[in-house]
Participant: 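Could you have a look at this structure, given as structure tokens, before my questions?
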Amino acid sequence: MTSYIGPEKILEKKKKYIMPCLGHFYQNPPEFVKGKMQYLYDNTGREYVDFFAGVSVINCGHCNPEITKAVCDQVNDLQHVCNIYLTENFVNLAEKLAEVTPGALQKSFFCSTGTEANEGALLLAQLYTGNDEFIGLRHGLHGRTKLTMNLTGISMWRTDPHPVGGIHFAPNPNCYRCPLKRSYPECDLECANMIEDIISYATSDKVAAFIAEPIQGNGGIVVPPKNYFKRVREILAKHNTLMIIDEVQTGFARTGKMFAIENFGVEPDIMTMAKALGNGVPISAFIASPKIADIYVKPGASTLGGNPVSTAAGMAVLKYILEHDLMKNAQKRGVQLREGLQDIQKRHPLIGDVRGLGLMVGAELVNKDKSPAADKLDKIAEEMKDRGFIIGKNGIFRNVLAFQPPLIITENNIDNMLDTLENAIKKFE
């Protein structure tokens, strides 16, 4: 039997050898040692139903045998030669991405992380437009590098003490906590309209791109009104500004569509992706139409980007999503999850709002005066962990329960989780 050092020893080593910026969930965190589809197992053998999927990474399930086989077969044949050499996998995966992404998106650049993909997309926008300024959304999250961190609209993730200039933020479309104190639809999408003002009065009117997540993940599973991105698109077109859509957390069937932006009827100029593309294997990409992509001619490579193993994983992921119709399951189970949370909400006003698309769902916990109930969320999440369910937390005030399970989650899994959650809420409300 395998021997493990256990959570306490891991925490000791973490404190001694890992930089303190890296936190962890839970007061009493388990040591995870095994995964099997929607389940995780700790060092004692205890089973947990994973409702967070490694932050929207394991869309096809932990250690999915079909994807694992593709990865192992590739490791045994060829693990790495760098993308400056020719292999089949990376062009085949790029071809598949051109098929499943919206509109004219066709040419990809592979890298290893979502941050790197976003940084590359921003560079491409600068190269194409010749402009330097950017617009992001408040409460958006785009990465840890200099530029992506400065385009992140969440202060807890902005650790850079020397901000980059030429970056502007528009109000995010959060209808539950509207930053403009308006109500939809009477507001006429004022949060989108303000982008026109920002371009006209706060910039040189030479903005390279607007970047946004179609659903803000770390911002609290914030879903814009249906026509928000269409209005933004109209404004950007008037000012020759590109639209970059960050699908790092929302892509690959998570919302019931292959990509979340498809729920809003808009085609981005550049799109980024990562996380679920590799189902746990590090891989990311940014993709653009030939018109935009072909401006990128100076030498560029990513040592590990698009390596044979990660692209084998990507091909297997797309094959599994399509063959097992994970988009349909995300839609059906997403409706079940949202309706179940809304049912609990009727009896427990601690849940102030339920929102999301597909299997990307947030439940915002609030006190009687609508103030964030982050302390209660921590207790509930800890209790749910102790009862065998892993749920995420996010939001600006860390008061949003985040449900982003593997897309193979079952009706029974969700029913059991909802029953357990209501009991946990009763205990701490």
Side-chain angles (χ1 to χ4, degrees), residues 52-53 55-57 114-115 117-118 121-122 134-144 148-158 167-180 184 189-192 194-195 209-233 243-252 254-257 259-264 266 268 271-276 334 338 352-366 372 374 377 392-404:
F52 204 33
V55 195
S56 216
V57 170
T115 295
N118 283 333
L122 295 164
F134 293 101
I135 296 174
L137 289 180
R138 299 176 195 171
H139 304 175
L141 176 63
H142 300 292
R144 294 180 296 102
T148 59
M149 183 180 289
N150 278 272
L151 270 161
T152 289
I154 306 174
S155 61
M156 69 176 284
W157 296 115
R158 289 173 62 92
I167 288 174
H168 313 272
F169 289 95
N172 63 321
N174 185 342
C175 292
Y176 182 67
R177 293 186 182 276
C178 177
L180 303 175
Y184 179 80
L189 295 172
E190 183 62 22
C191 56
M194 283 193 68
I195 294 171
F210 163 87
I211 184 169
E213 304 155 274
I215 298 174
Q216 290 186 324
N218 278 267
I221 317 292
V222 177
V223 184
K226 185 73 174 176
N227 293 323
Y228 171 80
F229 282 109
K230 287 184 177 178
R231 181 72 59 82
V232 172
R233 188 58 148 149
M243 174 183 279
I244 300 173
I245 292 297
D246 176 347
E247 291 269 3
V248 168
Q249 194 168 153
T250 54
F252 302 101
R254 169 60 54 193
T255 65
K257 301 281 190 181
F259 295 98
I261 195 63
E262 294 176 88
N263 292 286
F264 301 95
V266 169
M271 195 167 78
T272 65
M273 61 197 79
K275 288 186 181 278
R338 289 193 302 279
D353 191 36
V354 175
R355 52 188 181 251
L357 290 173
L359 280 171
M360 186 171 185
V361 179
E364 181 161 350
L365 303 190
V366 298
L377 182 146
K393 66 175 178 179
N394 56 33
I396 301 306
F397 307 105
R398 313 307 285 169
N399 69 316
V400 179
L401 287 168
F403 302 90
Q404 295 164 268

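Given the structure is predicted, the values throughout are model-derived calculations rather than measurements.
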Participant: Taking NZ in Lys393 as the centre, count heavy atoms belonging to other residues, nucleotides or ligands within less than 6.0 Å. Is the count above 12?
Facilitator: yes

Participant: How far apart are the closest heavy atoms of Leu151 and Gly136, and which atoms are they?
Facilitator: CD2-N, 3.9 Å

Participant: Any chance you could measure Ile154, atom CD1, to Leu141, atom CG, to the nearest 0.5 Å?
Facilitator: 5.0 Å

Participant: Looking at every heavy atom in both Gly143 and Thr115, which two are closest together, and how far apart are they?
Facilitator: CA-OG1, 3.1 Å

Participant: Do the charged groups of Arg355 and Glu364 touch, with an N to O distance under 4.0 Å?
Facilitator: yes

Participant: Looking at every non-hydrogen atom in both residues, tell me the closest pair between Phe229 and Ala212 and how far apart they are.
Facilitator: CE2-CB, 4.1 Å

Participant: Do other residues, nucleotides or ligands put more than 12 heavy atoms under 6.0 Å from the CZ atom of Arg398?
Facilitator: yes

Participant: Is the shortest heavy-atom distance from the side chain of Glu213 to the side chain of Glu247 under 4.5 Å?
Facilitator: no

Participant: Among side-chain atoms of Asn118 and Asp246, is any donor-acceptor pair under 3.5 angstrom?
Facilitator: yes

Participant: Could you verify whether a donor N or O on one side chain and an acceptor N or O on the other, from Gln249 and Gln216, lie under 3.5 Å apart?
Facilitator: no

Participant: Please report the C-alpha distance between Thr272 and Ile245 in whole Å, then the side-chain angles of each, then the deciding distance to 0.1 Å, and finally whether the side chain to side chain contact (heavy atoms under 4.5 Å, CB included) criterion is met.
Facilitator: CA-CA 6 Å; Thr272 65; Ile245 292 297; over 6 Å; no

Participant: Is there side-chain contact between Pro268 and Ile261, with at least one heavy-atom pair below 4.5 Å?
Facilitator: yes

Participant: Got a second to check how far Phe210's CZ is from Ile135's CD1, nearest 0.5 Å?
Facilitator: 7.5 Å

Participant: Can you tell me if Thr152 uses its side chain to pair, donor with acceptor, with the backbone of His142 under 3.5 Å?
Facilitator: yes

Participant: Check whether Arg158 reaches the backbone of Asn150 with its side chain - one donor and one acceptor, N or O, closer than 3.5 Å.
Facilitator: yes

Participant: Would Leu357 and Met360 count as a side chain to side chain contact (heavy atoms under 4.5 Å, CB included) if you check the C-alpha gap in whole Å, the side-chain angles of each, and the deciding distance to 0.1 Å?
Facilitator: CA-CA 6 Å; Leu357 290 173; Met360 186 171 185; 5.9 Å; no

Participant: Hey, could you give me the CZ/CG distance between Phe397 and Leu365, rounded to the nearest 0.5 Å?
Facilitator: 13.5 Å

Participant: Thr148 versus Leu122: any side-chain heavy-atom pair under 4.5 Å?
Facilitator: yes

Participant: For a 4.5 angstrom cut-off between non-hydrogen side-chain atoms, does Leu359 reach Phe403?
Facilitator: no

Participant: Would you indicate whether the side-chain heavy atoms of Phe134 and Ile211 approach each other to under 4.5 Å?
Facilitator: no

Participant: Would you compute the distance between atom NE2 of His139 and atom OG of Ser155 and round it to the nearest 0.5 angstrom?
Facilitator: 8.5 Å

Participant: Are any of the side-chain heavy atoms of Cys191 and Pro179 separated by less than 4.5 Å?
Facilitator: no

Participant: What are the two closest heavy atoms between Phe264 and Ala260, and how far apart are they?
Facilitator: CD1-O, 3.5 Å

Participant: State, to 0.1 Å, how close Gly356 and Arg338 come at their nearest heavy-atom pair, and which atoms those are.
Facilitator: O-CD, 3.6 Å

Participant: Give a yes or no on whether the backbone of Arg177 and the side-chain of Asn174 come within a donor-acceptor separation of less than 3.5 Å.
Facilitator: yes

Participant: With the side chain counted from C-beta on, respond yes when Met243 and Val232 share a heavy-atom pair under 4.5 Å apart, and no when they do not.
Facilitator: yes

Participant: Tell me yes or no: between the side chains of Thr255 and Asn263, is some donor less than 3.5 Å from an acceptor?
Facilitator: yes

Participant: Between Met194 and Leu180, does a side chain to side chain contact (heavy atoms under 4.5 Å, CB included) hold up when you go through it step by step?
Facilitator: CA-CA 10 Å; Met194 283 193 68; Leu180 303 175; 3.6 Å; yes

Participant: Is any side-chain heavy atom of Val223 closer than 4.5 Å to one of Tyr176?
Facilitator: no

Participant: Keeping the roles fixed (side chain from Ser56, backbone from Phe52), state whether a donor-acceptor pair exists under 3.5 Å.
Facilitator: no

Participant: Return yes when atom NZ of Lys226 has more than 12 non-hydrogen atoms of other residues, nucleotides or ligands closer than 6.0 Å, and no otherwise.
Facilitator: yes

Participant: Taking Lys275 for its side chain and Val55 for its backbone only, find out whether a donor-acceptor pair lies under 3.5 Å.
Facilitator: yes

Participant: Would Phe259 and Phe252 count as a close aromatic pair, with their ring centres under 6.0 Å?
Facilitator: yes

Participant: Please find the pair of heavy atoms, one from Gly220 and one from Val400, that lie closest to each other, and give the distance.
Facilitator: O-CG1, 3.8 Å

